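Read through the structure below, which is laid out as structure tokens, and then see the notes.
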Amino acid sequence: MDEFATKVLEEKENFAKGEGKEKILLEYISANPTGPLHIGHARGAIFGDALTRIGRHVGYDVVTEYYVNDAGRQINLLGLSVYLAAREILGLDVEWPDEYYRGDYIKDLAREAIEKFGKDYFQEPVKIVEKNGKKEGVFEDENLSLWAKDKMLEVIKNDIKALNVTPFDNWVSERELYKYWDEVREILEKNGALYEKDGKVWLKSSEYKDEKDRVVVREDGRPTYLAGDIIYHWDKFKRGYDKYINIWGADHHGYIARVKAAIKFLGFDPEKLEILLSQMVKLLKGGEPYKMSKRAGNFILVRDVVEDVGADALRFVFLTKKADTHLEFDVDDLNKQDASNPSYYVNYAHARIRSIFRNKGIDYDDIKNVELKDLTSDEKDLLFLALQLPYVLEDAFSSREPHRLTNYLIDLASEFHSFYNKNKVIGSDRENERLKILAVVGSIIKLGLSLLGIKAKEKM
RNA sequence: GCGUCCGUAGCUCAAUUGGAUAGAGCAACGGACUUCGGAUCCGUAGGUUGUAGGUUCGAGUCCUACCGGACGCGCCA
């Protein structure tokens, strides 16, 4: 054990590092660029980032990717919403359709759009038509839609940064992928995946576990969203990774079968695609359910929560639980900066250790050559647990369950606090041995937290 | 109705993937050295793991049915 303890202190943040494992493409968040990230997105974001950090540390070549849904109806709806909001600001008549995005960010965008495009741009009223019993706005100006989309992407990038999520390696645009549609369609046809019916083109996804076949080209010739996703996965698989991981919101689970079917029809191995679901977060506020709807504009912004409690506390809360089970918590609880927040518990353990070294006026390096022998059982237990980190990391990544690392850190902190209350360090006749053990524990906590994207506190 | 997932202490969640007496935190109660930082520690209490069967040496974990909940069942994304 002494040998490993010394290794922890010598290698510091490089302890338990591996290399040369599988190449993995990890796609996550991929929220529509039609609004800022809300608390539901945060769970997937934090989950994906923890996986990335842990995976990279233990030696996987993890490449991260965000798929930008910058085509289709939602983007059009965004442009329409900004246009209408601008007219309202300008004091012009507005007839509201049934569906449009609202919320302060739309108004902010509208004000900016007036600056950028000029007042005259918004003179023409929006025609409203009845479609399937719903009032729909007719809006065809791509310029405003795409401009608004780019603005939203900037906002999302800032939200990602605020969450302390490692910057993405790739941003892939759905819009740009459609130019490969003919090529992909040819492959599908050659593999007998498509047929025509009622003037539409269908994918035989029911041949591979899907409930029914799916339309990929509409009657008017426009490919559907699924077509875009097929192109995207074709593009992914062509890039030749060992494994592909997608993190989706659990509400998309019904989509898995058709995408896997498509991959098979493209001639690739669907087993290489692993889809992880991040369950919805059920939020309460003051004990009452907090209903989130993007269109209604009453959702909790990542930005606001981070401003309120900090990214670290939010990350810790999410990373203590499995990502694919339901999670419920009260927004008001995030404001409580007390013991009910386990991130304080772990951080406190670290801060205590640092405090001991401050009092002693030395650092970890100064005691790394102390030989550990004849350890008491308390000392042995604590050191042994701290040295489990490499196994925990391996396990947390291969099971895709970063919460195992978090719970391990809570265990380790608990073991330490207990030890601390029972055993004097400074001034004891085993001072040097104990300092070395605490140095190991401190290093491990710091490293573990950093792999969760949390910075260990020196003082609290 | 069909499909996917879930149901563990009053509350929020764990349980080394089928292993020994199901564990933490919060809430409750009782204690701890005038502190190497009490944001801590020690203890008490709290459970027939939704219900009923089944598989086996062994089930919170696997299978079946039922009860309860979430989500999906768009030519939206």
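Note that the structure is predicted; figures quoted are calculated from it, not measured. Side chains are part of it too, since the values below use all heavy atoms of this structure and drop only hydrogens, waters and symmetry mates. Every chain is numbered from 1, with letters handed out A, B, ... down the list of sequences.
Taking 3.5 Å as the limit, the base of B:C41 and the side chain of A:His417 contain no donor-acceptor pair of atoms between them.
Remark: the A:Ser173 side chain and the A:Asp70 side chain contain an N/O donor-acceptor pair separated by less than 3.5 Å.
Rounded to whole Å, atom P of B:G74 lies 8 Å from atom CD of A:Glu211. Rounded to whole Å, atom P of B:A70 lies 12 Å from atom CE of A:Met280.
Listed pair A:Lys212 / B:G74 meets the phosphate criterion, a side-chain N or O lying under 4.0 Å from OP1 or OP2. Close to B:C41, at under 4.0 Å from its OP1 or OP2, lies a side-chain N or O of A:Tyr345.
Nucleotides B:A24 and B:A45 are separated by 13 Å at their P atoms, to the nearest Å. Here, B:G47 and B:A9 have their P atoms 10 Å apart, quoted to the whole Å.
The existence of a salt bridge linking A:Lys21 and A:Glu394 is confirmed by a sub-4.0 Å separation between a basic side-chain nitrogen and an acidic carboxylate oxygen. Between A:Arg430 and A:Glu379, at least one side-chain nitrogen of the basic residue sits less than 4.0 Å from a carboxylate oxygen of the acidic one, meeting the salt-bridge criterion.
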Do any side-chain atoms of residues 143-155 of chain A form donor-acceptor pairs under 3.5 angstrom with protein atoms, and if so which ones, sequence neighbours left out?
from: A:Ser145; atom 1: OG; to: A:Asp141; atom 2: O; distance (Å): 3.4
from: A:Lys151; atom 1: NZ; to: A:Glu112; atom 2: OE2; distance (Å): 2.9

> What string of B, S and - do you get for nucleotides 13-23 of chain B, 5' to 3', when a contact is any protein heavy atom under 4.0 Å?
Replying inline: SSS-B------
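Among residues two or more places apart in sequence or in another chain, the ring-ring contact (aromatic ring centres under 6.0 Å, His included) test is passed with A:Tyr364 by A:Phe357.
The glycosidic torsion of B:U17 lies within 90° of 0, which places this base in the syn conformation.
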>> Set out, in order, the CA-CA distance, both residues' side-chain angles and the distance that settles salt bridge (charged side-chain N to carboxylate O under 4.0 Å, His left out) for A:Asp363 and A:Arg354, then state yes or no.
In response: CA-CA 9 Å; A:Asp363 212 335; A:Arg354 298 302 298 156; 3.4 Å; yes
